[in-house]
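Every heavy atom of this structure was used, including side-chain atoms; hydrogens, water molecules and symmetry mates were not. Throughout, protein chains are lettered first and strands after them, A, B, ... in sequence-line order, and every chain is numbered starting at 1.
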Protein chains: 2
Amino acid sequence: MGEAETNGVTDGYGVSPFDVFSRQCPSRGTLEHVTGRWGGLTLGALFESGLRFNELRRRVDGVSEKMLSQTLHALERDGLVLREARPTNPPRVDYELTGLGREVAGRLLDLIQLVEGRMPEVLDARGRYDAAREA
Amino acid sequence: MGEAETNGVTDGYGVSPFDVFSRQCPSRGTLEHVTGRWGGLTLGALFESGLRFNELRRRVDGVSEKMLSQTLHALERDGLVLREARPTNPPRVDYELTGLGREVAGRLLDLIQLVEGRMPEVLDARGRYDAAREA
DNA sequence: CTGTATCCTGCCGGATACTG
DNA sequence: CAGTATCCGGCAGGATACAG
C-alpha cells in the first residue's frame, strides 16, 4: 500500500495477496487487459460464440487489426482466450473463451448490461451537471 | 454492426438502444470511465466507504492528483459519484457513491475479486504461454 | 487540504504496406 | 483469410508549480 506501509499487514485493505489496489501487482495488469479499451468488448463478443479473426473485427466496431491482434495475444497469454488454428487453405483461426475466460466475461457482461440499461439515468445526470456549469 | 447494417434491425446483436459494441454510443464512453485505468479502482475504493480526496489518493496506489481529479469529475458527471464540499477551513470534500454508483461498483468488485482470486491460474497460463514461445 | 494550470514525454493506437 | 512490420501523430497521464 505504498510508503505508509511498514510491515506486511495493512490497515484493513489489501487482504488478498493479489490486491489490485496495490501498484505493483500482477492482478492490476490482468484487470487492465480485461477492462481495457478493447479487452472487454472482445471478451463480450466471444461470450456469445467462438469467432474468427475478421468476424471479431466486425463485431467489435472500430478496432484495428493491430489492436485486435495485441488484445487477443494478451488475453490468450492470461489464459482467458483459446486460439485454434486450422491448417486449411485459406487459413482459418477460431477464438473462443476458456473456462476462466467465460467466468470473467460473464461478470463483465453483467456490468455492461447494467450500464447499458441505466444510460437514461446517466444521460440525465450529465445534463444536470452540464447545466449547473454554464451560468 | 456498422456498414453491414441496412435497417434498424440487427443480426441478433445490438438489441439495446445503447449497445456498447457500437462505435458511436454514449454507453461506450461511460463504460470506459467505469473500467478505465483509474475509474474502476476509484469506484472500488469508494464502495467500502466515502473518502476524502487525499484518502482516495492514498487508497488508489499510483494515481496522480491530476488523474484522480479528472476521474472524479467524469464519474460525478455520469451520476455515479456524489461530491460534497464542506465550507470549513481547511476545506474538506467528501466523495461517495450514488445509488447507481453502488450498483456499478458492486459489479465491478465482483469482477475484481474474481480476477484476484484466480491469479494463480493466470500466472500459470502465462508461464506456459511464454515457455512455448522461447525455443 | 483540495484542487487547477502548465509543460512535456511516452506510448497508445490508427494507417499503410507487406507476408504466408 | 490471418496476421506481422513500420511509421508516426495525438493524447493520456506524470511532474511541477501555483491558487483558494
D/dA2 phosphate, OP1 or OP2: any side-chain N/O from A/Arg92 under 4.0 angstrom?
-> no

Basic-acidic side-chain contact under 4.0 Å: B/Arg83, B/Glu96 = no

May I ask you to evaluate whether A/Tyr95 reaches the phosphate of D/dC1, defined as a side-chain N or O under 4.0 Å from OP1 or OP2?
-> no

Check: B/Thr30/A/Arg126 side-chain N/O donor and acceptor closer than 3.5 Å | yes

Protein heavy-atom contacts under 4.0 Å, written 5' to 3' over nucleotides 4-17 of chain C as B (base), S (sugar-phosphate only) or - (none), form the string B-BB-----BBB-B

Roughly, in whole Å, what's the span from CD in B/Glu32 to C1' in D/dA12?
-> 13 Å

Scan A/Arg83 against the nucleic acid and name what it touches under 4.0 Å (heavy atoms): base, sugar-phosphate only, or nothing.
-> sugar-phosphate

In this structure, CG of A/Leu100 is separated from CG of A/Leu80 (nearest 0.5 Å) by 5.0 Å

Whole Å only: how far is the CG atom of A/Asn89 from the P atom of D/dG3?
-> 15 Å

Starting from P on C/dT2, measure out to CD on B/Glu55 and report it in whole angstrom.
-> 8 Å

C/dT2 phosphate, OP1 or OP2: any side-chain N/O from B/Asn54 under 4.0 angstrom?
-> yes

Identify whether B/Leu51 and B/Leu82 are in the same connected component of the hydrophobic contact network (ILVMFWY, side-chain heavy atoms under 4.5 Å).
-> no

Rounded distance in Å - CG (B/Asp94) to P (C/dT2) = 9 Å

What is the distance, rounded to the nearest whole Å, between atom CG of A/Leu68 and atom P of D/dG3?
-> 8 Å

Does a nitrogen or oxygen in the side chain of B/Arg52 sit under 4.0 Å from OP1 or OP2 of C/dT2?
-> yes

Taking B/Phe53 as the fixed residue, which of B/Leu72, B/Val93, B/Asp94 is the one that meets the side chain to side chain contact (heavy atoms under 4.5 Å, CB included) rule?
-> B/Leu72

For B/His33, the option from B/Thr42, B/Thr71, B/Asp78 that meets side chain to side chain donor-acceptor pair (under 3.5 Å) | B/Asp78

